[in-house]
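Both backbone and side-chain heavy atoms feed into the values below; hydrogens, waters and symmetry mates do not. Residue numbering restarts at 1 for every chain, and letters A, B, ... go by the order of the sequence lines.
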Protein chains: 2
Amino acid sequence: MTDKQVPDVVVGRLPLYLRTLKQLQTEGRRVISSAQLAKLLHLNPAQIRKDLSMFGEFGRQGVGYTIPDLIAQLERILHVDRTWEMIVVGAGALGQALVNYPGFEINGFRIAAIYDNDPAKIGKPIGRFIVRDVQYMPEDVRSHGWRIGILAVPEAAAQAVAEQMVSAGIRAILCYAPTVLTLPGNVQVQYIDPIVHLQHMAFYLEETD
Amino acid sequence: MTDKQVPDVVVGRLPLYLRTLKQLQTEGRRVISSAQLAKLLHLNPAQIRKDLSMFGEFGRQGVGYTIPDLIAQLERILHVDRTWEMIVVGAGALGQALVNYPGFEINGFRIAAIYDNDPAKIGKPIGRFIVRDVQYMPEDVRSHGWRIGILAVPEAAAQAVAEQMVSAGIRAILCYAPTVLTLPGNVQVQYIDPIVHLQHMAFYLEETD
DNA sequence: AGGATGTTGTGCTTATTTTCCCAATATGAC
DNA sequence: GTCATATTGGGAAAATAAGCACAACATCCT
């Protein structure tokens, strides 16, 4: 199903390349070498070249990569040479912060609706939206053909809500709930849990204080 | 510097084990096998056993792992058998959501202060805090001996603020700014950027719609 | 025109990570 | 007590990922 020609770890680095290249472009840079990009990302230059070479020959020997071209290539490869509409389920503090985050639109991800099941929140304005009853979510997703959902509900609700999203047609879920979802293999899931990162770092901290 | 005896990928999985074990404990479970835990996490049981065996022999052959014991061991290994105080720098929508997130305290990470450089925000209440001028941050960090910081400032400010945090004594940074920080090797950094995850998933989405 | 320098793409090597497999041990049924 | 079943820990193998090194090519300087 997924393109096993390209390792997932490689796909995972492409957004980092793209992000840095866009940054460089705003600074007016036109060309960059794998060595320079590697330095900014703290990676090995050969790794960057090899990653990119899996999709084509984008550089020029002796010169490097033309930044606008490489950005266009990466956006095409990642399917972000378009705008993806997304839903947010969960209108708590996190859901509100997400709705107000300008980074999504800048990068071609546009929030299209936000849902909750709490009568106290349904109907209330958040950013440019009115919170909708989550019971209308499946219908909305189906009628609009939305494919991406952000899950910002409590852990206890996450699995059930995720299943509803998937059965309505959602195929990629960004899960902020601190739990592992069990979903069909053709559904992409990525997790964001700050506690996991903090505990990971705490391992390396001295037991002082 | 970092304990290369234990691969970082292994350390990165321990918080997931811990999270799931705590979940099981609240459900009243006392014992679990690597096979059962692996199923919940969608991992290979041998991987879980090998990861754990790097730190000791915590299981009983023929039986499995005693959940409360394993939780205690993992908390000790990860240095989260204590409470870590943290600072948040950046009092925008994200900073506010972080301050109000109950998950930190539940897991032994307590926000101790929040800072911003915007006069319109300094002095305003957020959750149980008053936003402090970031110019007091280094002094506060030094005097309290804080080691962990959450960076929730715009990309343009991230590197400079991170350097100030480090020179004040911060040794672990959870970075929400969409950029790679360049810091001394003895400083732990973890990144959270939803765009990176969304682009990663978009790679696998069909170009329909 | 030619040499010095810089850079890519990739074959091959090395390193790391994952998985297989099984001896050793535990539990429960009869 | 013995057998069937369940499970760990870890050596060995397999799979995956990262990095080296170099031919090929580009640019610039003189």
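- Following rounding to the nearest Å, B:D51 (CG) and C:dT19 (P) show an atom-to-atom distance of 10 Å.
- Atom-to-atom, CD1 of B:I67 to P of D:dT7 comes out at 13 Å; the value is rounded to the nearest Å.
- Each of B:I126, B:V88, B:D118, B:V99 was checked for a side chain to side chain contact (heavy atoms under 4.5 Å, CB included) with B:V131, and the lone residue meeting it is B:I126.
- Under 4.0 angstrom from either OP1 or OP2 of D:dG9 there lies no side-chain N or O belonging to B:R60.
- Below the 3.5 angstrom threshold, one finds no donor paired with an acceptor across the side chain of A:Q61 and the base of C:dT7.
- Side-chain contact between B:F104 and B:M86: present, with at least one pair of heavy atoms (C-beta onward) separated by less than 4.5 Å.
- Residues from residues 37-49 of chain B that place a heavy atom under 4.0 Å from any atom of DNA chain C, listed by number: B:N44, B:A46, B:Q47, B:R49.
- Taking atom CD of A:Q5 as the reference point, atom P of D:dA17 lies 13 Å away to the nearest angstrom.
- Per the geometry, CG belonging to A:D69 stands 15 Å off C1' belonging to C:dT8, to the nearest Å.
- Listed here is the closest heavy atom pair of A:A172 and B:M201: CB-SD, 3.9 Å.
- Ring pair A:F203/B:F55 is perpendicular by interplanar angle, where above 60° counts as perpendicular and below 30° as parallel.
- B:H197 contributes no side-chain N or O that, together with a main-chain N or O of A:I192, makes up a donor-acceptor pair within less than 3.5 Å.
- Nearer to the 5' terminus of DNA chain D, by closest-nucleotide assignment, is the contact made by B:L52 (compared with the other of B:L52 and A:R13).
- Each of A:G62 and A:K50 was assigned the nucleotide of DNA chain C with the nearest heavy atom; the assignment lying further toward the 5' end belongs to A:G62.
- At C:dA26, none of the side-chain N or O atoms of B:Y65 fall inside 4.0 Å of OP1 or OP2 (strictly under the cut-off).
- In this structure, A:Q199 and B:R19 have side chains that are not in contact, with every pair of non-hydrogen atoms separated by 4.5 Å or more.
- We find that CE of A:M54 is positioned 18 Å from P of C:dT8, with the value rounded to whole Å.
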